[in-house]
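One structure below.
Being a predicted model, the structure only gives us computed values, none of them experimental. Atoms considered below: every heavy atom in the structure, side chains included; atoms not considered: hydrogens, waters and symmetry mates.
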Amino acid sequence: MLQNMQTGGISMDNIGLIGTGNMGGMLAEVMLEQNSVPPERLYIYNRTVERNKNFQASHPLVHAAGSIKELLAATDIIFICVRPKQYGPLLHELQKYLTMEHIVATITSPVLLEDLERLPARRVVRTVPTIANKTGTAPLLLTFGSHWTEKEKVVFREWLGTFSDPVPLTDKTLRVSSDIVSCGPAFMSYLLQCFIEAAADETDIEYGEAEKLAEKMMMAYGRLLSEKHYSLPELCQKVNVPGGVTGEGLEVLSRFSAGMFEELIGRTHQKYEDDKEEMASLFVEE
């Protein structure tokens, strides 16, 4: 739990989140569920007042700030959990009310840390989450700005570890790592849903029954990996008995998946480059 932490030269008393949509809301909830921050030391801000009220209905001790100025005045660590296109209106207020004592964490991969370092906050960091962080254990992609000491990094990383599995990396691998960790649950869910729909369309199984079987399979599959029973290639080899049914299915997958993930990575990287240009232009205008 966060307890008046001033270790390593950084103050981590109160946490603020700007935006509590899908990812921001998930991060706020998992911090509370894992006792990483007491509710009375968590502050949220949304442009939509109704979203503040909805969050406070479940967490009445959490503070809902009425403005960015109010949020920044009360907090030490700020998580910016808004989409790239929503950064523009924020920048002016961040410029006005941030101080050099704030830690600014962005969950947005296209924003460059060197651009964020133009803000009046010495320490900036990128913390890219995944929906799987809801479990309190999933990877959180981590890239530090240039003004952190090693001791400060250790302290901050240890705190992140109370509600996630922080994975330090470089900008060179950020996008593809985010494809795997952040986009991966959506990609895998889509493929599995297609499998379930085909099973229901082509056979006598009901969709709901196929869905339940798939969910049970995935949960057990995750345990096989987490408990180190098999690696991915070993799993494939164990199930694929020579001359068996699995091999026939793998041949179909091999034929239709050729080039698919290469194109997927190409598309996500191109969107990433486009978003980076757009984000950079916002800071130039500032």
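L160 has its side chain within reach of L142: a pair of non-hydrogen atoms, C-beta onward, lies under 4.5 Å apart. By the 4.5 Å heavy-atom criterion applied to side chains, I131 and N22 are not counted as neighbours. Contact annotation: the side chain of L72 approaches that of H102 to within less than 4.5 Å [non-hydrogen atoms, C-beta and beyond]. When side chains are defined from C-beta on, I18 counts as touching I78, because their heavy atoms get closer than 4.5 Å.
Not counting sequence neighbours, the partners of T135 by the side chain to side chain contact (heavy atoms under 4.5 Å, CB included) test are T137, A138. Applying the side chain to side chain donor-acceptor pair (under 3.5 Å) criterion to D179, with sequence neighbours excluded, gives R175, T268. Scored by the side chain to side chain contact (heavy atoms under 4.5 Å, CB included) test, V239 finds T246 as partners (sequence neighbours excluded). With sequence neighbours excluded, the residues forming a side chain to side chain contact (heavy atoms under 4.5 Å, CB included) with R83 are Q86, listed by chain and number. Applying the side chain to side chain donor-acceptor pair (under 3.5 Å) rule to T106 yields the partners Y87; only residues at least two apart in sequence or on another chain are considered. Partners of F163 according to the ring-ring contact (aromatic ring centres under 6.0 Å, His included) rule, which considers only residues two or more places apart in sequence or in another chain, are W159. By the side chain to side chain contact (heavy atoms under 4.5 Å, CB included) test, E251 pairs with no residue at all, sequence neighbours left out. Partners of K271 under the side chain to side chain donor-acceptor pair (under 3.5 Å) rule, at least two apart in sequence or in another chain, are D275.
A salt bridge is defined here as a Lys NZ or Arg NE, NH1 or NH2 lying under 4.0 Å from an Asp or Glu carboxylate O, and E93 with K96 fails to meet this definition. Taking a cutoff of 4.0 Å between a charged side-chain nitrogen and a carboxylate oxygen, E215 and K212 do not qualify as a salt bridge. Comment: E29 engages K134 in a salt bridge, judged by a side-chain N to carboxylate O separation of less than 4.0 angstrom.
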**OP:** Could you walk me through whether R122 and E152 pass side chain to side chain contact (heavy atoms under 4.5 Å, CB included), step by step?
**Re:** CA-CA 12 Å; R122 188 172 73 82; E152 289 170 347; 2.8 Å; yes
**OP:** Test side-chain hydrogen bond (donor to acceptor under 3.5 Å, both in side chains) on Q56 and N52 and set out the steps.
**Re:** CA-CA 6 Å; Q56 281 190 305; N52 283 341; over 6 Å; no
**OP:** Take S146 and E117 through the side-chain hydrogen bond (donor to acceptor under 3.5 Å, both in side chains) test and state the conclusion after the steps.
**Re:** CA-CA 9 Å; S146 61; E117 286 177 335; 3.0 Å; yes
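With hydrogens and angles ignored, the 3.5 Å screen pairs a side-chain donor or acceptor of S177 with a backbone N or O of T173.
Under a cut-off of 6.0 angstrom, the local environment of CD in E202 is sparse, with at most 12 non-hydrogen atoms contributed by other residues, nucleotides or ligands. Shown here is E227, whose CD atom has more than 12 heavy atoms of other residues, nucleotides or ligands within 6.0 Å.
Judged as a ring pair (Phe, Tyr, Trp, His ring centres under 6.0 Å), not a single pair has a partner in residues 164-183 (not counting sequence neighbours). A ring pair (Phe, Tyr, Trp, His ring centres under 6.0 Å) check over residues 246-270, counting only residues at least two apart or in different chains, returns nothing. Within the structure, the ring pair (Phe, Tyr, Trp, His ring centres under 6.0 Å) test picks out the following pairs touching residues 25-73 (sequence neighbours left out): Y43-H63, F55-H59.
Put simply, W148 and L141 are part of two different groups of oily side chains (I, L, V, M, F, W, Y) that touch within less than 4.5 Å, one to the next.
When hydrophobic side chains of Ile, Leu, Val, Met, Phe, Trp and Tyr are connected at separations under 4.5 Å, L232 ends up clustered with L192, F195, I196, Y207, M217, M218, Y221, L224, L225, Y230, L235.
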